[in-house]
Each structure stands twice: as C-alpha cells, then as structure tokens.
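Please read all numbers here as calculations on a predicted model, not as lab measurements. Order of the sequence lines fixes the chain letters, A, B, ..., with proteins taken first and strands second; residue numbering starts at 1 for each chain.
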Protein chains: 2
Amino acid sequence: MADTVKYLLDETRIPKSWYNIVADLPSQPAPALHPATRQPLGPADLEPLFPMELILQEVATEREIEIPEPVREIYRAWRPSPLVRARRLEAALGTPAKLYYKYEGVSAAGSHKLNTAIAQAFYNKQAGVKRLTTETGAGQWGSSLAYAGGMFGLEVKVFMVRASYNQKPYRRAMMETWGATCIPSPSPLTEAGRAILAHDPDCRGSLGMAISEAVELAVQDKDTKYALGSVLNHVLLHQTVIGQEALLQLEMAGDYPDILIGCTGGGSNFAGLVFPFLGEQLRGGRKVRAIGCEPAACPTLTRGRFAYDFGDTGHLTPLVKMHTLGSTFVPPGFHAGGLRYHGMAPLVSLVQELGLMESRAFTQTGCFDAGVQFARTEGIVPAPEATHAIRCAIDEALRCREEGVSRTILFNLSGHGHFDMQAYMDYFAGKLEDRDYDDAALQSALAELPEVTAA
Amino acid sequence: MADTVKYLLDETRIPKSWYNIVADLPSQPAPALHPATRQPLGPADLEPLFPMELILQEVATEREIEIPEPVREIYRAWRPSPLVRARRLEAALGTPAKLYYKYEGVSAAGSHKLNTAIAQAFYNKQAGVKRLTTETGAGQWGSSLAYAGGMFGLEVKVFMVRASYNQKPYRRAMMETWGATCIPSPSPLTEAGRAILAHDPDCRGSLGMAISEAVELAVQDKDTKYALGSVLNHVLLHQTVIGQEALLQLEMAGDYPDILIGCTGGGSNFAGLVFPFLGEQLRGGRKVRAIGCEPAACPTLTRGRFAYDFGDTGHLTPLVKMHTLGSTFVPPGFHAGGLRYHGMAPLVSLVQELGLMESRAFTQTGCFDAGVQFARTEGIVPAPEATHAIRCAIDEALRCREEGVSRTILFNLSGHGHFDMQAYMDYFAGKLEDRDYDDAALQSALAELPEVTAA
C-alpha cells in the first residue's frame, strides 16, 4: 500500500485550548466603538447580546484560552477532523506539489461553523441563558447553532433570509430536525420585521434585516442572547482548533506547509486554519505564505478599505475596524452565499495590514471548475464557498508544475456541498454568470463610511 | 474526559479480504436458475452482464477472497469507517444497554453502497469493459456507481426511475458532478423504454423498468456491462468490510455485541455488518442475535415466502431462491425508497431459514420518531432506510431498561439523510401515513410465483 492518505488523531489530541493570535501580533487590534458615541466599547455595552465569558474572549490578550471540557466532549463526535493528502488530485494535475486539505465537512452540520456554535451554546447555557437568536443566509450557520443549542437544551430561533428560506427548504428542515425554529425574515415577530413588511409585504429579506430581527429579540428579553457565526474575535478564536490539529497532523506526515489557503467570507474558517501557523511564525518559527480567497463579486480584502464600519446595514452594531466595501454595498448574485458579507473579521483585516497574508479574488465559474475537478478526484462534493480555496490551491499546484518545484500546500475544505446541489446544476447547465461588482456602487458605499475621530 | 466515543482504525487495518459466509454455512444456497430453461445457470449465462471475476465471486465457496490493492487504495478515502458509541442516545434513553453504531455515511456518496461500487468498477475495468449501466430508485446506488466509475475511467449510465428523477434532482446533480449520465426511465434510448412510452408517454417508471433498460443496453454491446447494488452474493461479499472492521473496533472497545441490527432492503448493508459476526459464531465463537429490520409496508422477510422468484418485474433475470412477496407485488408509498424491493438477498434469506437471524417489520412514523431522536442526540441526520435499524436498536435498549439488564447492541447506520430532507419535512408536517400493504394483492402476487421443479 502507498503512503497514508488520511492523517487521523484520536480524541485525546483534540486541542485543550484555543489559540489567540492577539498575544503574538506586533500591534493590537483597534477597539470596537459604540455606534452612537463612537467611543471605545466597554464589556457592559455588549451584555444585552452576549454572555460575559464571550465578551471577555472578544477582548482577551492571553495566548491560550482553555476549552471547557463539555465543549471538548461534544467536539469528540467529529473532531479531530481528518487531514487528507490529495494524492488523486495531485496525480490529475501532474504537479510535484504536495496538496493537503483539512476536511471540516465531517461535522454533522457539514461545516466548520459547528466549532464555534458548540462553544457559544455552552457559554450561554452556563450563564443561564434560555434562548438564542441568530440570522442565517445560506443556512450553514443556522444549522450549526440549531444543533449546538439542542445539545445544551437551549431554544434556538433562526431568522433566515426569506429568499434563502424559500430556495433552500432542506436547510430549514435540518434546523427543525435538531429542534430549532426557523423563521423567514422579514417576519411579523419583530418591530423591525413588521416595519419592513408594512412597506413591502413581499420583501425577500437580507442578512442585514435578519440581524436586526435577531438582535431585537435578544435585547428585549434577559433570558435571550444573540449569536454570530463569523467576524468577531471570539468566533475566530474557537475555529483555531482546525489549525492546531493540522499542525499535529502535518507532524505525523513529516511535513510543513509552504502555502496555507482558505476562503474568506467573514474570515473564520481562514483564521481557524491559518492563525496557529502564523503564531508559530510570529514566535520565530517557519514562515508560511497565507492566502485568503474571496469572490471577485464581493472583493472585501482585495478592494475594500481598512476603516471603521458598521457590521450591519441597519447600523445597530458596534463600529469595528476592518476591510470593508461599505455597509450599503450589495454584491451581484453568485452561489457562495457564505462569502457575500461586506466586511471582514477585524483580526483577519489586521493580519493583512501587517503583511502576514495575501488575498486573491476569483470568479465563480473557475471555482466550480475546480470544485468539480476535486469531486472527480477526491470524491467529496465541496460547498461553493470552499471551491474558492480549491481553485487557489490548484492554481498554486499548477504553478509548481510550471516552475518545476515542489511546495507543500494546505487548504481548508470548510464544508461539503450536499445542500448546494442547485449551484452545481446551474453550473452544468451553463447558467453561471461571472458578474462583476458595480464599481460606482462600491465607490458610493465607500463614500458613506462613518467618520471616526476617536480611535 | 470520559471514555472514547469514536473507535478509529488506521488505513492499514482495512480488511485485506472479503468474508464469504457460504464457507461456514451448514447448507449451501440453492443455485440460480435460467429464466427460460429453469436449469441451474452456468458462468457463461451471466457473461453478457458481468465480468468473469464477479461471476466467480457469485458462486465462490472459499472463506476469504482477497481485496485487490487498487480497491483498498480507494477505500482509504473513507475506510475504516468509524464505530461510534452512542453515549448521548444511551443517556437520553436512560438505558443500561451499550449502543454502538458503525457509520457508513462517511463515504463521499453518503452510504455503504460505495463499498461494492468500487469493487465492481475495478473488476469491470480489469476485464476491459468501457461502460457500465445500472438502475437507481432513491439515488444512493446510482451516486455510488457514478463515483466509482469515475475513479476507474468508466462511462456510467444510470437509469433513474422517472418519479425519483423529478423528485430528487440533487441526487442526479451529484451523479453528474462525478461525471456520470443520469437518464429518466422509461427513456427513448431502449426498446423496452420506447415500448412503455408508446403505451404511456407520462409513465412515472419503476425499478423493474429501469432494470430492463440497463440490462438491454448491457447485453447489446460487448464493451458495456451491468452492475447491481444489492441482493447478489458478490455484492453482499463486498460489504463484509463493514463487519470485519467492527470486529476489530469492538475489540478496541473491549466489548462484543449481544445484538446486531441492520435494515433490510436488498440485504447488503445488513449482511455486510452481520455476516462476519455470524461467521465467528458458526466457527464456534460467541453467539449473537441478528435482527433484520424492514418496512411493514414491504415485509419481505416477515411475510414473504422462501421460494424461487424473478429479480425483476419484467422476468428477464435469473430465478433465485429468496424471501419474496412476488415480483408483481407493489408496496404502498413510503419514504425509505431503498427498502421497496419485493425480494431479499438469497444469502440473507437462507440465513433466516437456518435460524441464524430474526426479522422485524416497522411502520415509518415510528422510524422517523427514532431518526429524529437520534439526530437530536448523536447529531447525524440518518437516511430513512437507516431509521429502521435505529428504531429497532432503541426498542431493544428500552427493553434492557425495563428488564434492568445491560446488553451490547450494534447497529449499522448505513447512510446519512442529506438528500432525504423532504421526508423529514413531511414527517414534521404530520403528512406521513403508515399505510399497510394490501394483503389481497400480496396473496395474488404470491400465487403467481413461478413453478420450479428442477432444484
């Protein structure tokens, strides 16, 4: 038998702590600002939304934060996730490069999102919270929080963008199977929803509207909190189990990556894989090239400005310093629903500003080409978001072939595409369009960035 | 941390041979008969359909048949599959029983079917075959053969029952992603299809019709063969990797099953788990109770007759001795499409006749109750077929609670339900009906069983 394909760790090797890159960065992230006063936020400002443990993680500076045992206990259902050597893809590409992927689609919810959903549900339960609200677009995050809430006996209400709710009934069915309630947004359940419906009864909804509804319910009731699936520091922190496991698994393989690749929507799966390796580098270890991959239609890292902006379209959230296309920017339609966000995690944004990573934008047809090549060699049908990372990894492997050099490339396969087959059908039917973003709209969205003098 | 939840084996522990229960059974299976002459079939009779290696496996009597290295090589993508201790389900049931499941849904195609698809594609490729045809109902088997064909560079044509083709476009998209062609049946591509369409242009199709189309294309062209996903001896043989791995994994756990459970449609996932354990018993090892779980609406093992019958409705296939409801029996509608077959694998049928297993029939609402309880505790959303095994396992665990005894129960979780969420939606909407089969129709189908005097 040839060399090993899968690098598996047993349950005792699930990381015992999350890794906080803030401890190793040469400069600190800018503080979040209050949306009204534009002064730095204190923990108390966030208390209506999050339990105190998560607020403290949001501003933590220590390098390691212990993973509570009940969280590790549930992680054991699918963690450590496999690290796989993509030998068939390598052979198909005729590349001297060594391609590895970390496969997060083995979680029951089908993506990396469950890593933070479990942690957030745990801290909320511990704080005596009874109900969680959240929003979901494509449905990956809503499914994950539904599962996590169920594990800890929390009621979960997911506001799902109405267009997605109608288009993807099976994601909704999955949330209900795990015991959550899924509500099409805008809904008559909230002031925000009622106001929108009064104006436009057929409104198809948006992530911004769904956030407003979820936040409104959370702040009204002391037993209800809100949960977010990406962007925030504590969410990225929880994802670092991915990179920490990959470090151990590559040690088993006797290898170390030259290039690390992840797709970037809010930034959490990218950070989860990459930050532990960047930590090694920042503490004097080996240097890696890290590449964030985003859709050309929503080019936050490659075309956005590094500036303070709102996290939502309704301007209810704090201001954070990040790469942003402007909170009013609306990308054209494309299939990777998880990569449609106007902003980027403040920590990923800072890492790029510090020159610790690169970013690259891809059009969707090329990404689906790569996704189908991956499925036909490695078997797994990837989520449209993850095809961005695959496209970049294949491009780098082909560059190795041209240059006649071998490099070790590791990418994050953040989820499977079992609930995204309509996108594949559109691809095969030749219906995918590579629509560019509207530059005039981008410039006008950027012109509307809030003025901030305080920080 | 509590005891281990997942029992993982590394790739070197993938079985090196398949286990053939025929070598250990106290009596031999009755020979298959030619549909016209009703005399025992010779290998040459099957050559238009299958490559010789598979025909020889169909009649093999040796205990172990070596797994070719290229097949093990591809198995490594997902095998050994995990054995999981269902601790959360045990806790929810308050049972002293120990519940384990072997999870075959980790394959890229989502079920155990890939174990035999890879083997069949390999032997066909080795014999110089260029194209494979098959039929599929729910789509699990068609997906698996699509993936396997792609791995070996074989063209795959899948005739999918038109009703399913229209109802489950995402299964079709998956086959196409792996490079196969999926054709709604009846189709204008075959004589059989054209004849049906001439009579009924809107015909919704049936598995029997799809088999006729797939077989017709295979026999017409020497470079094309036919592949079947269950029932036949060689298919069951290939599935025995499941039980062999489970034996090793339970050894890791320091445990041995008192009860083994699998759902039974054609019989292959049940046999794959159970036969290696029955082999231990037949060779003087510990006795196990094996329970086959079938739908009450298609009660092949519990209500069928053990007799010679045709495998298809068109009476083109050989006659095999099996539990059958009669080839003209049509079950009422229910959601486990993989369990709608009128017959049962001859080897599983013989094992039941020999008193080596029991069988039990379940209505679908109770199965979905069990499936949802499983999803809410263990996380995985099971395929409707697999919920039959879960129902039975939960019933046995509850019996342990009543009796105050601990038993070790192992069931086969043969696949996930990611492509079956419509069934869950119907369940939550209260739309599932527990329709009984029509006893008069069963009696009349049994009355039509072919008369056989030869064997």
Side-chain angles (χ1 to χ4, degrees), chain A residues 1-12 14 69 72-74 76-80 82 84 87-88 106-110 114 143 147 150-151 168-174 176-179 368 371-372 375-381 416-428, chain B residues 1-12 14 69 72-74 76-80 82 84 87-88 106-110 114 143 147 150-151 168-174 176-179 368 371-372 375-381 416-428:
Chain A
M1 188 173 280
D3 299 336
T4 299
V5 168
K6 301 189 301 293
Y7 296 90
L8 302 175
L9 299 169
D10 70 45
E11 296 165 16
T12 62
I14 294 172
E69 208 45 50
R72 292 185 79 223
E73 175 68 31
I74 297 180
R76 293 159 72 200
W78 77 99
R79 302 214 72 83
V84 185
R87 289 190 178 274
R88 292 186 168 267
V106 291
S107 84
L114 201 53
S143 305
Y147 172 101
M151 290 290 124
K168 295 189 163 192
Y170 299 155
R171 270 286 172 200
R172 168 165 51 98
M174 202 171 196
E176 289 171 357
T177 302
W178 285 322
F368 276 93
V372 169
R376 290 185 181 175
T377 49
E378 296 296 314
I380 298 162
V381 179
H416 63 63
H418 297 174
F419 293 86
D420 302 282
M421 296 311 295
Q422 187 60 50
Y424 283 88
M425 291 179 73
D426 291 350
Y427 169 76
F428 288 121
Chain B
M1 188 173 280
D3 299 336
T4 299
V5 168
K6 301 188 300 293
Y7 295 88
L8 302 175
L9 299 169
D10 71 44
E11 297 165 15
T12 62
I14 295 171
E69 208 44 51
R72 291 186 78 221
E73 175 68 31
I74 298 180
R76 292 160 72 201
W78 77 98
R79 305 215 69 84
V84 186
R87 289 191 178 276
R88 289 184 171 270
V106 291
S107 86
L114 202 51
S143 304
Y147 172 101
M151 291 288 125
K168 294 191 165 191
Y170 298 154
R171 270 285 171 200
R172 167 164 53 98
M174 203 171 196
E176 289 171 358
T177 302
W178 285 322
F368 275 93
V372 169
R376 290 184 181 175
T377 47
E378 296 296 312
I380 299 162
V381 179
H416 63 61
H418 298 174
F419 294 85
D420 302 282
M421 296 311 296
Q422 187 60 50
Y424 283 89
M425 290 178 73
D426 291 350
Y427 169 77
F428 288 120

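Across all their heavy atoms, B:Arg376 and A:Thr177 have their closest contact at NE-O, 2.7 Å. For B:Ala108 against A:Gly379, the heavy-atom pair with the smallest separation is CB-O, 3.4 Å. The nearest pair of heavy atoms linking A:Met421 to B:Ala173 is CE-C, 3.7 Å.
When each of B:Phe428, B:Tyr424, B:Trp178, B:Tyr147 is checked for heavy-atom pairs under 4.5 Å with chain A, B:Trp178 comes out on top. For the set B:Asp420, B:Ile74, B:Leu114, B:Ile380, the entry with the most heavy-atom pairs within less than 4.5 Å of chain A is B:Ile74. Annotation: maximal heavy-atom pairing with chain B below 4.5 Å, among A:Arg172, A:His416, A:Gln422, occurs at A:Gln422. Considering only heavy-atom pairs separated by less than 4.5 Å from chain A, the leading option among B:Pro82, B:Ser107, B:Ala109, B:Gly179 is B:Gly179.
Atom-to-atom distance recorded for B:Arg88:CZ and A:Glu73:CD is 6.0 Å, nearest 0.5 angstrom. Going from atom NZ of B:Lys6 over to atom CD of A:Glu11 covers 4.0 Å, rounded to the nearest 0.5 Å.
In this structure, no portion of B:Val84 lies under 4.5 Å from any heavy atom of chain A. Looking at B:Thr377, the atoms closer than 4.5 Å to chain A (heavy atoms on both sides) all sit in the backbone: N, CA, C or O. For chain A, the nearby part of B:Glu378 is the backbone; its heavy atoms alone come within less than 4.5 Å.
You'll find the side chain of A:His418 reaches within 4.5 Å of the side chain of B:Met174, heavy atoms only.
Taking the six-membered ring where tryptophan is involved, the planes of B:Tyr170 and A:Tyr170 are perpendicular, since the angle between them exceeds 60° and thus also 30°.
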